[in-house]
Amino acid sequence: MKQLIELKVNGEIHEVVIEPRTTLLQVLREELGLTGTKPGCDTGDCGACNVLMDGKLAASCLVLAIETQGKDILTIEGLSRNGQLHPLQQAFIDHFAVQCGFCTPGMILSAKALLDRNPHPTEEEVREAISGNLCRCTGYTKIVEAILAAANY
Amino acid sequence: MYLKHLPEFEYFAPKNVKEACSLLQEYKDEAEVLAGGTDLLVNMKHRRTVPKYLIGLKSVPDLNGITWSEADGLRMGTLATLQSIVDTPIIKEKFSILAAACSGIGPPHIRSLGTIGGNLCQDTKCLYYTRYHQGREAPCYQAGGDVCYAVEGAKRCAAMAIVDSAPALICLEATVSISGPTGERVSPVEDFFVSSGVVNLQEDEILTAVNIPNPPPHTGAAYLRQSLTGALGFAMASVAVVLTANNGVCEDIRISLLGVARTPIRARKAEELLKGKKIDNLIDEAAQAASSEAHPLGDIFGSARYKREMVKVLTKQAISQATERAKLV
């Protein structure tokens with residue numbers, strides 16, 4: 001049975017009609033057209049679908065959309081303001097931390113969760129923070145550099 | 001990549017524990033409770049379990065929240081997320097091995113969703129069970145079939161309850177509060193695990209809280225976990241030790257092992273060796289005893305012999321660390 005729910009995503013309220021089994025990942029991509037959040041494994045192992053819910057990292061493929069009412073959801077699309085890139089996004093460009101770009105949204109959100117609670121992390125803390133984000137292209141080195149640099153932007 | 005759709009289900013959001021238990025009573029084995037979803041939803045995506053009804057527990061106030069007092073110790077609602085346990089200052093201060101255990105569970109995006117109750121009630125695991133759904137083989141015992149792929153010729157399921165929070169909770173003498181239609185009861189965490197995939201929880205009962213008494217003075221604790229891929233992989237062997245010592249003499253000790261038997265276990269022979277004795281002289285012997293109490297399965301992460309050796313190494317390190325820490329309080 002479909003239900004009408006209200007979601008707050010990137011500061012905007014949206015009303016959608018969905019089945020209980022619809023995940024947050026599906027709602028973001030298919031109902032709201034926010035395709036920045038990626039389906040990698042769909043079972044919580046790869047980090048590509050990471051979003052922030054009330055400031056906390058979450059694998060959106062394992063969150064039922066009907067359970068997100070009243071929460072503040074942030075996706076990669078919500079990071080830039082008035083066309084201005086977030087320091088993390090700029091750092092990823094400056095440090096060549098993007099190749100195919102598929103892991104990048106999830107990677108940046110994991111980094112944001114880290115920097116929000118620990119503005120000056122060590123390299124080890126950065127690696128721990130992105131330990132759930134798989135990247136097949138870069139070998140992680142430039143990503144770690146970008147996040148450490150972003151802390152000083 | 002393709003999206004694995006969840007199967008269809010009807011969803012309920014009970015407002016209190018009584019309502020949740022009534023729903024379980026009504027729908028019986030066609031219903032599952034949903035806490036963090038990091039175990040259940042994955043199983044549902046793989047069609048390993050297909051409940052017709054999901055009972056969402058996130059909006060039940062009693063199940064959330066972490067409180068502590070000098071008199072009653074720590075109380076964690078079972079819906080407390082593993083990350084919230086890591087981030088709670090009093091837990092880092094007085095129950096540090098629980099924070100250490102939880103910080104090693106899964107990647108950050110799972111730890112912030114997964115709950116302590118869900119961790120205790122998780123589906124038992126073995127490498128073969130998680131792969132059988134690919135449909136190439138007949139179902140194993142746990143999947144409802146009559147064969148075990150992990151242990152050739154096994155007469156029953158050999159999967160282990162790899163509950164990462166268990167060794168710390170067992171050594172800290174934690175109990176779980178359980179609510180059902182007939183009322184409430186309390187069980188030591190140690191007795192909660194009955195055997196592979198079987199916990200001391202009836203079909204219509206819900207775990208509501210995990211309680212930990214305050215440790216006495218001169219108590220030190222340590223937790224060590226061996227895994228090939230860190231927090232992202234199954235524990236090959238984990239050891240937790242909590243001991244109370246005065247002038248190097250052991251007054252009380254609990255040692256718990258994980259990943260080396262069907263359920264988390266106590267290494268009682270090792271404990272008996274140390275009680276009432278000077279710890280430093282007996283660490284090696286106790287570590288050897290703990291190792292003999294472990295019955296691990298060999299798999300691609302390590303042979304049984306290697307895992308038993310790891311138990312010895314980790315127990316030795318954990319007892320030493322706990323003894324040092326006991327001197328500080």
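Chain identifiers are assigned alphabetically (A, B, ...) following the order of the sequence lines, protein sequences preceding nucleic acid strands; residue numbering begins at 1 within each chain.
- In this structure, Asn50(A) CG and Ser112(B) OG are separated by 8.0 Å, a value rounded to the nearest 0.5 Å.
- Paired with Leu62(A) under the rule side-chain contact (heavy atoms from CB on, under 4.5 Å), one option of Leu6(B), Leu41(B), Asp39(B) passes, and it is Leu41(B).
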Between Met53(A) and Leu113(B), does a side chain to side chain contact (heavy atoms under 4.5 Å, CB included) hold up when you go through it step by step?
-> CA-CA 10 Å; Met53(A) 286 206 313; Leu113(B) 292 174; 4.3 Å; yes

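- Both the backbone and the side chain of Cys61(A) have a heavy atom closer than 4.5 Å to some heavy atom of chain B.
- The structure places OG1 of Thr68(A) at 10.0 Å from NZ of Lys58(B), a figure rounded to the nearest 0.5 Å.
- Note: Glu67(A) leads Glu67(A), Glu19(A), Arg117(A) in heavy-atom pairs under 4.5 Å with chain B.
- Among Glu128(A), Lys56(A), Met1(A), the residue with the largest count of heavy-atom pairs under 4.5 Å with chain B is Glu128(A).
- Heavy atoms of Thr22(A) lying under 4.5 Å from chain B are absent altogether.
- When heavy atoms are compared at a cutoff of 4.5 Å, Ala113(A) does not approach chain B at all.
- Ranked by heavy-atom pairs shorter than 4.5 Å toward chain A, the options Leu34(B), Leu54(B), Leu40(B), Thr81(B) are led by Leu34(B).
- Only the side chain of Ile66(A) comes within contact range of chain B, with at least one heavy atom under 4.5 Å from a heavy atom of that chain.
- When all heavy atoms of Asp42(A) and Lys45(B) are compared, the closest pair comes out as O-NZ, 2.8 Å.
- In terms of heavy-atom proximity, Gly44(A) sits nearest to Pro107(B) at O-CG, 4.4 Å.
- The distance from the CE atom of Met44(B) to the CZ atom of Arg21(A) is 9.5 Å, given to the nearest 0.5 Å.
- Looking at every heavy atom in both residues, His46(B) comes nearest to Thr43(A) through NE2-CG2, 3.9 Å.
- The two residues Pro108(B) and Ser131(A) come nearest to each other via the heavy atoms CD-OG, 3.6 Å.
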